[in-house]
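In what follows, a single structure is set out as structure tokens and then discussed.
One-based numbering along the sequence shown.
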Amino acid sequence: MIKVLKNFLPRPAKTSNSLLKALSYLDILGIFQKDPFGNPMLLKRFIIFIAGWPTFWRIAVANKLKVEGVEYLKELPDRNVFFISNHQTYFADVITFYHIFCNTKWGFGKKLFPIYLFAPRAFVFYVAAKETMKKGLIPKIFSLAGAILVERSWRAEGQNVKRNVDLSAGDNVSKALQEGWVVSFPQGTTSPYAPIRKGTAHIILDNKPIIVPVVINGFRRAFNKTGLKYKRRNTTLTVKFKQPFQVDENSTLEGVTKTIEEIIEQSMPEMIAEWNALKEMAKRGE
């Protein structure tokens, strides 16, 4: 019970002004809080509250949400936690994570009780492609809920490209890790079994966060690619949180990249072969 109550305590302001710091302890609603990028946290909480109700219906009522490993989340610290997951839709995946994280903040278990939307876990961020979050009003609003925008160096507008690596991306993820939890999809695409991008391994080696592997399934069957429209209702959506761990000082870039591929279950040869065969059949119209 005490652990749950601690989740609702205001964070002290990072300032040398003793008066402002003292007043920040009384800011239970987080009215004067800002995220590491200078955005007001009150706006973020408002967006989560408004977007949370219809999205709760989509993932937990119109479909069936099955969550495993919630017990691991309850033991995590408030900062420097890095969730790495496979990816199936642009928005439904990360929205579901937000619901689960907020639910856990209130001390609830596997079943979602949307009362948590009145006081969500706000210090949560997620890595997203800049081009995806700039398309349309809804993505722009979602980006205000904690998106760390990254310009992909290998992909743009659905085409393979080659351009300079976005060096600011790693710094921004590090800033977010210093303040809270960060969700990353290290394949950088919703296509299954795509290669792991080494940028994620760089972030892990630089920040030594607690890593929480996540494996999701069912989202591709339930929603379209954006995750904003139904394809099939009454689908079981599974989110499995695996045991957290940290890499040691002797870890290499290649070793961490390989570990990521394995723990989010994107390195299974038989599944990769099956997926490639299905794609070839689709191309031939079979």
Do [X] and [Y] come within less than 4.5 Å of each other through their side chains, counting heavy atoms only?
X: F113; Y: W106; answer: no
X: F142; Y: L228; answer: yes
X: I264; Y: V214; answer: no
X: K198; Y: E254; answer: yes
X: Y98; Y: I48; answer: yes
X: Q187; Y: I196; answer: yes
X: K134; Y: L149; answer: yes
X: N63; Y: F219; answer: no

Applying a strict under-4.5 Å side-chain criterion to I, L, V, M, F, W and Y, I'd like to know whether [X] and [Y] cluster together.
X: L42; Y: Y25; value: no
X: L144; Y: V94; value: no
X: I210; Y: V124; value: yes
X: V61; Y: L112; value: yes
X: L76; Y: V239; value: yes

Q. Taking I204 as the fixed residue, which of T257, V247, L177 is the one that meets the side-chain contact (heavy atoms from CB on, under 4.5 Å) rule?
A. V247
Q) Which one of I84, V173, N172, I203 satisfies the side-chain contact (heavy atoms from CB on, under 4.5 Å) criterion with V182? A) V173
Atom pair [atom1]/[atom2] of [X] and [Y] - distance to nearest 0.5 Å:
X: K135; Y: T226; atom1: NZ; atom2: OG1; result: 11.0 Å
X: E179; Y: D78; atom1: CD; atom2: CG; result: 10.5 Å
X: K175; Y: I148; atom1: NZ; atom2: CD1; result: 10.5 Å
X: I100; Y: T104; atom1: CD1; atom2: OG1; result: 7.5 Å
X: F83; Y: F241; atom1: CZ; atom2: CZ; result: 6.0 Å
X: F245; Y: I263; atom1: CZ; atom2: CD1; result: 3.5 Å

Q.
Using modelled atom types and a 3.5 Å cut-off, is there a donor and acceptor pairing between side-chain atoms of N103 and backbone atoms of K111?
A. yes
Q | Set of residues satisfying side chain to side chain contact (heavy atoms under 4.5 Å, CB included) with respect to P54, sequence neighbours excluded | A | none
Give me each pair satisfying side chain to side chain donor-acceptor pair (under 3.5 Å) with a member in [range], each pair once, sequence neighbours excluded.
range: residues 227-241; answer: none
range: residues 26-50; answer: Q33-R45, D35-N39
range: residues 49-60; answer: T55-H99

(Q) Going by side chain to side chain donor-acceptor pair (under 3.5 Å), S174 matches just one of N80, N207, D206. Which one? (A) N207
If you draw a 6.0 Å radius around [atom1] in [X], do more than 12 non-hydrogen atoms from other residues or ligands fall strictly inside?
X: F46; atom1: CZ; value: no
X: F32; atom1: CZ; value: no
X: K64; atom1: NZ; value: no
X: I50; atom1: CD1; value: yes

**Q.** Qualifying residues under salt bridge (Lys or Arg N to Asp or Glu O under 4.0 Å), relative to E75, sequence neighbours excluded
**A.** K3
Q) How would you list, by chain and number, every residue that makes a salt bridge (Lys or Arg N to Asp or Glu O under 4.0 Å) with R221, sequence neighbours excluded? A) none
Q. Going through the distances and angles, do K258 and E261 end up as a salt bridge (charged side-chain N to carboxylate O under 4.0 Å, His left out)?
A. CA-CA 5 Å; K258 184 64 177 175; E261 186 180 57; 3.2 Å; yes
Q. Would you call the rings of F101 and W181 parallel, tilted or perpendicular if under 30° counts as parallel and over 60° as perpendicular?
A. perpendicular
Which pair of non-hydrogen atoms, one from [X] and one from [Y], has the smallest distance, and what is that distance?
X: R220; Y: P192; answer: NH2-CD, 3.5 Å
X: L117; Y: G52; answer: CD1-C, 3.6 Å
X: P12; Y: S24; answer: CA-OG, 3.3 Å
X: P120; Y: C102; answer: CB-SG, 3.5 Å
X: P186; Y: S85; answer: CD-O, 3.3 Å
X: I216; Y: N86; answer: N-OD1, 2.9 Å

Q. Taking the six-membered ring for Trp, are the ring centroids of F97 and Y126 within less than 6.0 Å of each other?
A. no
Considering residues at least two apart in sequence or located in another chain, which fulfil the side chain to side chain donor-acceptor pair (under 3.5 Å) criterion with [X]?
X: D93; value: H87, T89
X: Y90; value: none
X: T190; value: none
X: S251; value: D248

(Q) Taking ring pair (Phe, Tyr, Trp, His ring centres under 6.0 Å) as the definition, give me every residue that meets it alongside F125, ordered by chain and number, with sequence neighbours left out. (A) none
Q.
I'd like to check the ring pair (Phe, Tyr, Trp, His ring centres under 6.0 Å) partners of F56; sequence neighbours left out, ordered by chain and number.
A. none
Q | Cation-pi geometry met for K105 and F8 (6.0 Å, 45°) | A | yes
